[in-house]
Q: 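After the structure tokens below, expect a handful of questions from me.
Convention: sequence-line order gives letters A, B, ...; per-chain numbering from 1. None of these values were measured; they are calculated from a predicted model.
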Amino acid sequence: MEPQTDTRTGAAPEPAAALAAGQVSRWTRLSAGFTGGLGVVVLLLALVPVAMGATLVQDLTTLLILVLMATMWNALAGYGGLVSVGLQAYIGLGAYATVWFSLQGVDPYWGMVLATLFCAVVALPLSFLVLRFRGAQFAIGTWVVAEAIGIYVGLDNQLGAGTGISLVQLDSYATSTREHITYWLTLALTTFFSVIVFMLLRGRLGASLQAIRDDEQAAASVGVRVVSAKRILFILASAGCGAAGAMTAANILFVQPTAIFSVNYSAFMIFMVLVGGIGTFEGPIVGAVILYFIQQQFGNDGTWYLIGLGAVAILFAVFLPRGLWGLLEERTGLRFMPLGYRVRRRARELR
Amino acid sequence: MLVATGVRRDFGALAALDGVDLRIDAGDAVGIVGPNGAGKTTLLNVLAGTILPSAGSVSFKGQDVTRARADARARMGIGRAHQIPRPFGGMTVFENCFVGASTGGGLRRRAAYERCLTVLEMSGLAELADRRADTLGLLERKRLELARALATNPELLLLDEIGAGLTDAESAQLVTLIQELNRRDGIAVVWIEHIVHVLVQVVERLVCMVSGRVLADGEPKAVLADKRVVDAYLGSAAA
């Protein structure tokens, strides 16, 4: 039997396997359209600085950083089952590495890219430590590592110690140029990491990771290299959070250890992913948009704002564990991204 | 193909396995029986690499795998179906099998698809391919457990009480399927089962374990007639 392309599924179909028992397809008309739509959104976002005002550019920078953070936390927890309360380690490291590279005379924007790579490099040896932990141990263990790194950085006088340090090197750029470059770099990094996650999940590693999330021992029993799969994901999430931290530094121009290594970042990431829909590609984006508007509205209400976020996250975890996007998928039965596999049993009358 | 020598496994002061020797040749069909707590599942765990033995050695296809991790053994050709099904609940039935075919089976995408569709057809799950595994009933979960192990293209299949709780018609289907896998496809089978009359339809050899030791190992009729086996295991049921 020749492999054949399923013309009924519409645009950009992947060659489906034509077999005795059925056909396996990944793209559908809906998912091709939706994925293409996301691409168009990215292109439109790239044009924003040209067409729109400075306020919107800054707001969108903040939003894109949230999307990046949520996407990374979801990749780790929603697809790898690695629930971390310590990714702020890399947000802080990314921000401080940017400052450090800038102090060495590197252009700050190149410094942000280097800081992202630096976080991946740091995550590799740390993964040998924290990936020994399971479940709650991993969550708390990564948090401890984050606190330790934060304290260590806070002792460094060259980096402003506990009072923090400004990213003065960005002053060499005119304000609007700086804001535009910061925005474009944030968009580029967020897109880059989203595409990497997308490709990872579509590949065979994606299926293996979900298997690990659902039952680690059973995953091993069918041949999944559990530890190396987790390691790849952990390093990816660390680098992504490093990028988010670097862009945060560029966006607010000042870093301070207790703020940038704050566990609040983990709270935000957990909120976005739980509300948007854990284990879905789109959920974290939805969650980021929601958190962004909540921050605009209540961000200055201090403690009550955080209590409110926590309460909402708990309500979602208990009553709507698959989040808003999960609910949408459940109710409609639709899959908007071509990440899964659909089997069509051969319908003989059509041939 | 698989040789376990002097395998011992202690849990605290308890010796769950107390010096087990077992030899499985290619294409063998071996049943393991014994009272609860005899160490049957522990033995399967040691063979699959889920737990490591406290002493003794295990080799597979001539290689020493005593310390090899479960995933490495799965890729070498040891498939395993758990006593309590352990599906990947957030994935579809097909995707459950795809994980096995693409990792343990080492198959490229197209070949993995084909393998999965074949095993789903064989195990009567083809209709349910797109269902999320956590929505399946117990019987379907058991079928998926077997299908997923088969997707890894094993040379040796370790089955742990996959027949428990089945109706007569269902276990007849299961017997046919295992016979096919063993006799037609040449897959060696090690099957733990309490339902002896089902087991003996498939296996050519029966091992009876008691208190972490092999009490008898041989032709099923002879083992079932063995006085020690009757006393230790069958006695209560046969009385």
Side-chain angles (χ1 to χ4, degrees), chain A residues 1-4 14-26 78-81 201-230 277-280 321-322 326 329-330 333 335 339-346, chain B residues 48-50 69-82 85-114 116-122 126-130 132-134 145 148-149 151-154 158:
Chain A
M1 189 67 63
E2 275 295 300
Q4 30 191 265
E14 186 174 84
L19 300 145
Q23 283 189 330
V24 181
S25 64
R26 311 205 63 194
Y79 286 102
L201 295 179
R202 253 182 80 80
R204 74 163 71 178
L205 187 63
S208 297
L209 284 167
Q210 292 175 65
I212 294 171
R213 172 197 64 196
D214 290 348
D215 189 331
E216 192 172 317
Q217 194 189 318
S221 82
V222 297
V224 175
R225 292 180 163 89
V226 173
V227 180
S228 46
K230 283 181 174 179
I278 190 166
T280 66
R322 294 175 68 189
E329 286 190 339
E330 209 169 88
R335 296 287 178 276
L339 292 174
Y341 300 77
R342 286 282 158 269
V343 178
R344 229 168 300 242
R345 303 210 68 202
R346 163 142 307 164
Chain B
T50 313
R69 290 198 320 261
D71 56 303
R73 296 191 209 191
R75 291 192 297 273
M76 288 175 73
I78 299 183
R80 198 243 169 107
H82 295 88
R86 308 180 70 149
F88 306 131
M91 308 172 76
T92 68
V93 167
F94 176 85
E95 287 162 359
N96 267 261
C97 293
F98 181 75
V99 174
S102 67
T103 56
L107 297 174
R108 317 266 327 158
R109 189 168 292 274
R110 188 69 54 77
Y113 288 170
E114 195 150 352
C116 293
L117 292 171
T118 308
V119 298
L120 288 177
E121 194 82 14
M122 277 164 64
E127 303 281 349
L128 302 172
D130 286 344
R132 255 176 79 109
D134 57 6
E145 188 68 25
R148 193 176 62 188
T152 67
N153 214 355
L158 306 173

Q: So does B:Ala70 get a backbone contact from the side chain of A:Ser221, meaning a donor-acceptor N/O pair under 3.5 Å?
A: no
Q: What heavy-atom pair brings B:Met91 and A:Ala207 nearest, and what distance separates the two atoms?
A: CE-O, 3.3 Å
Q: Which one, B:Glu127, B:Arg73, B:Arg69, leads in non-hydrogen pairs under 4.5 Å with chain A?
A: B:Glu127
Q: Assess whether atom CZ of A:Arg225 is packed by more than 12 heavy atoms of other residues, nucleotides or ligands within 6.0 Å.
A: no
Q: Taking all non-hydrogen atoms of both residues, which atom of A:Ala220 and which atom of B:Ala74 are closest, and how far apart?
A: O-CB, 3.9 Å
Q: Give me the ring orientation class for A:Tyr341 and B:Phe94: parallel if the planes are under 30° apart, tilted from 30 to 60°, perpendicular past 60°.
A: tilted
Q: Are any non-hydrogen side-chain atoms of A:Val24 and B:Glu114 less than 4.5 angstrom apart?
A: no
Q: Quick check for you: among A:Ala211, A:Ala219, A:Gly340, A:Gly279, which has the greatest number of heavy-atom pairs under 4.5 Å with chain B?
A: A:Ala211
Q: Step through the shown structure and confirm whether more than 12 heavy atoms of other residues, nucleotides or ligands are within 6.0 Å of CZ on B:Arg132.
A: yes
Q: Give, for atom OG of A:Ser208 and atom CG of B:Asp71, the distance between the pair rounded to the nearest 0.5 Å.
A: 10.5 Å
Q: Counting distance only, does the side-chain N/O of B:Asp130 pair as donor-acceptor with the main-chain N or O of A:Val343 below 3.5 Å?
A: yes
Q: Closest approach of A:Arg26 and B:Arg109, non-hydrogen atoms and distance?
A: NH1-NH1, 3.2 Å
Q: Please lay out, stage by stage, how A:Asp214 and B:Arg86 fare under the test side chain to side chain contact (heavy atoms under 4.5 Å, CB included).
A: CA-CA 9 Å; A:Asp214 290 348; B:Arg86 308 180 70 149; over 6 Å; no
Q: Of all of B:Ala133, B:Gly100, B:Ala151, B:Ser102, which one pairs up most often with chain A through heavy atoms under 4.5 Å apart?
A: B:Ser102
Q: Name the member of B:Val99, B:Thr103, B:Thr152 that forms the most heavy-atom pairs with chain A at distances under 4.5 Å.
A: B:Thr103
Q: Enter the distance from B:His82:NE2 to A:Asp215:CG here, rounded to the nearest 0.5 Å.
A: 7.0 Å
Q: Keeping the roles fixed (side chain from A:Arg204, backbone from B:Leu107), state whether a donor-acceptor pair exists under 3.5 Å.
A: yes
